[in-house]
Undergrad: 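Okay, handing you the structure first.
In this chain, numbering begins with 1 at the start of the sequence shown.
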Amino acid sequence: MYKYFILALIAFGLFGCATITQGTNDALYITSNPEGASVITSNGYSCAETPCAIQIPKKDGFTVTLDKKGCKPKTVNVVTKMSTSGGAAMAGNVILGGIIGAGVDAATGASKELVPNPLEVNLEC
């Protein structure tokens, strides 16, 4: 009986882990006015023209630069912050003694979200 209790506790603890429930990447949705701007990020991701979505790691903040012929290039900061569900998963890790899981979530950015998302940029043309 004790063995089943331990297995249930471990399984429950895994479901609270943000790395498992949320993943380490997020889709950043980018739109511009006017549409058709090229996008490049400071961490090496890009898309040919807006509107677009890019799968980006949530670990650290970065900048997004949009450029369109006839318009001024514009650079915008994207930051990471603790997401509501990520905070709950981290708390679950700590409460259930999953210090390793909490460390993994913090190191990979799984408990964070990208802000702003969607990213809506008005270009000066």
Undergrad: E113 versus K81: any side-chain heavy-atom pair under 4.5 Å?
TA: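 SC-SC contact between E113 and K81 confirmed.
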Undergrad: Partners of K72 by salt bridge (Lys or Arg N to Asp or Glu O under 4.0 Å), sequence neighbours excluded?
TA: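 Partners of K72 by the salt bridge (Lys or Arg N to Asp or Glu O under 4.0 Å) criterion, ordered by chain and then number, come out as E124.
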Undergrad: Taking only residues two or more places apart in sequence or in another chain, which ones pass side chain to side chain contact (heavy atoms under 4.5 Å, CB included) with E49?
TA: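 Side chain to side chain contact (heavy atoms under 4.5 Å, CB included) list for E49, sorted by chain: empty.
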Undergrad: What pairs with T80 under side-chain hydrogen bond (donor to acceptor under 3.5 Å, both in side chains), at least two apart in sequence or on another chain?
TA: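 Here no residue qualifies.
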Undergrad: Using side chain to side chain contact (heavy atoms under 4.5 Å, CB included) as the criterion, list what pairs up with A53, not counting sequence neighbours.
TA: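 Per chain and number, A53 pairs via side chain to side chain contact (heavy atoms under 4.5 Å, CB included) with Y29.
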Undergrad: Output all residues satisfying side-chain hydrogen bond (donor to acceptor under 3.5 Å, both in side chains) with T65, sequence neighbours left out; order by chain, then residue number.
TA: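 T65: side-chain hydrogen bond (donor to acceptor under 3.5 Å, both in side chains) contacts with T75.
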Undergrad: Just to verify, what does S38 make a side-chain hydrogen bond (donor to acceptor under 3.5 Å, both in side chains) with, not counting sequence neighbours?
TA: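 Scan of S38 (side-chain hydrogen bond (donor to acceptor under 3.5 Å, both in side chains), adjacent residues dropped) gives none.
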Undergrad: Where is the tightest heavy-atom contact between N77 and P116, given as atom of each residue plus distance?
TA: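 Taking every non-hydrogen atom into account, O-CD, 3.8 Å.
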Undergrad: If you look only at pairs with a residue in residues 29-46, which of them pass as a salt bridge (charged side-chain N to carboxylate O under 4.0 Å, His left out), with sequence neighbours excluded?
TA: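 Checked against salt bridge (charged side-chain N to carboxylate O under 4.0 Å, His left out) - neighbours excluded - no pair reaches residues 29-46.
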Undergrad: Under the 4.5 Å side-chain heavy-atom rule for ILVMFWY, direct or indirect, which residues accompany L28?
TA: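 I30, V39, Y45, I54, I56, F62, V64, L66, V76, V78, L114, L119, V121, L123, which link up through side-chain heavy atoms under 4.5 Å apart, make up the rest of the cluster.
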Undergrad: Can you name the residues that form a side chain to side chain contact (heavy atoms under 4.5 Å, CB included) with V79, not counting sequence neighbours?
TA: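 Per chain and number, V79 pairs via side chain to side chain contact (heavy atoms under 4.5 Å, CB included) with V115.
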Undergrad: Holding to side-chain hydrogen bond (donor to acceptor under 3.5 Å, both in side chains), I want the full list of residues that pass it with D60, two or more places apart in sequence or in another chain.
TA: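 Expected list: none.
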Undergrad: List the residues meeting side chain to side chain contact (heavy atoms under 4.5 Å, CB included) with S46, not counting sequence neighbours, and say none if there are none.
TA: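 Checked S46 against side chain to side chain contact (heavy atoms under 4.5 Å, CB included); matches are I40.
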Undergrad: Quick check: does any side chain N or O of S32 sit under 3.5 Å from a backbone N or O of P34, one acting as donor and the other as acceptor?
TA: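 Checked: pair present.
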